[in-house]
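For reference, positions follow the sequence shown, starting with 1.
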Amino acid sequence: MPPSPDPTARLARFLFIVVMAIAWTGGTDRLRAQAVAAGHAATGPEPTDPAVAARDAAAAVRAKLNAETFDVTAVVRRVGREPDAMFGWVRDQTFWVPYRGVLRGPEGVLMDRLGSSADRASLLAALLVAAGVPCRLARAELPQAVAE
């Protein structure tokens, strides 16, 4: 879709380009330094390291998240280290969806609480391993007569 020829839209696009160019070239830092050099107090907070600001923002978001939706060890802390309790949690808190194989993995099942038998088994195995209980997954196809 071509840009609008409307004069207001063109002015808005031009101003956006100017503001972004100033921001990308560090123009605001230069303006602040000029104001301080001229003896005028700079307004607003002092500029911080972007990496520190990003780390602090990530920590704030992490504090608000429910860790049980993505962290196996958080589920182990809540449920306990008893294998039967973990089995019951997987049985009661996740739901079976019919597809073959492992598609979502343990974290995927934790996130949306849906998974195939293999995905839910991999979640249970991850919970057991996180609790220090040795386990292994096995897969086999049973003949119809044995399955019945």
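Between Arg120 and Leu124 there is no side-chain heavy-atom pair separated by less than 4.5 Å. In this structure the side chain of Val129 never reaches within 4.5 angstrom of the side chain of Val133, judged on heavy atoms. Val76 is listed as a side-chain neighbour of Arg81, based on a closest heavy-atom distance under 4.5 Å. Residues Val109 and Leu114 form no side-chain contact, since every pair of their non-hydrogen atoms from C-beta on lies 4.5 Å or further apart. Proximity of Arg136 to Leu128: side-chain heavy atoms (C-beta onward) are nowhere separated by under 4.5 Å.
Proximity of a side-chain donor or acceptor of Asp119 to a complementary backbone N or O of Val102 within less than 3.5 Å is not detected. Counting only distance, with no hydrogens or angles, the side chain of Ser116 and the backbone of Gly101 share a donor-acceptor pair below 3.5 Å.
Rounding to the nearest 0.5 Å places CG of Leu15 at 13.5 Å from CE of Met20. Interatomic distance, CZ of Arg113 versus CG of Asp92, reported as 11.5 Å (0.5 Å rounding). For the atom pair CZ (Arg13) and OG1 (Thr8), the distance works out to 10.5 Å, reported to the nearest 0.5 Å.
Partners of Asp112 under the salt bridge (Lys or Arg N to Asp or Glu O under 4.0 Å) rule, at least two apart in sequence or in another chain, are Arg104. Residues passing the salt bridge (Lys or Arg N to Asp or Glu O under 4.0 Å) test with Arg10: none are found, sequence neighbours excluded.
Atom OH of Tyr99 has more than 12 neighbouring heavy atoms from other residues, nucleotides or ligands inside a 6.0 Å radius.
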Using a 3.5 Å cut-off and no angle test, enumerate the donor-acceptor pairs between side-chain atoms of residues 137-148 and protein atoms at least two apart in sequence or in another chain.
from: Gln144; atom 1: NE2; to: Glu148; atom 2: OE2; distance (Å): 3.1

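Linking Ile, Leu, Val, Met, Phe, Trp and Tyr whenever their side-chain heavy atoms come within less than 4.5 Å leaves Leu103 and Val90 in two separate clusters. Trp89 and Phe95 fall into different hydrophobic clusters, where Ile, Leu, Val, Met, Phe, Trp and Tyr residues are linked whenever their side-chain heavy atoms come under 4.5 Å apart, directly or through other members.
Of all the heavy atoms in Gly105 and Ser122, the pair that sits closest is C-OG, 4.1 Å. Nearest heavy atoms, Val72 versus Ala130: CG1-CB, 3.9 Å.
Side-chain polar atoms of Ser117 and Trp96 form a donor-acceptor pair below 3.5 angstrom.
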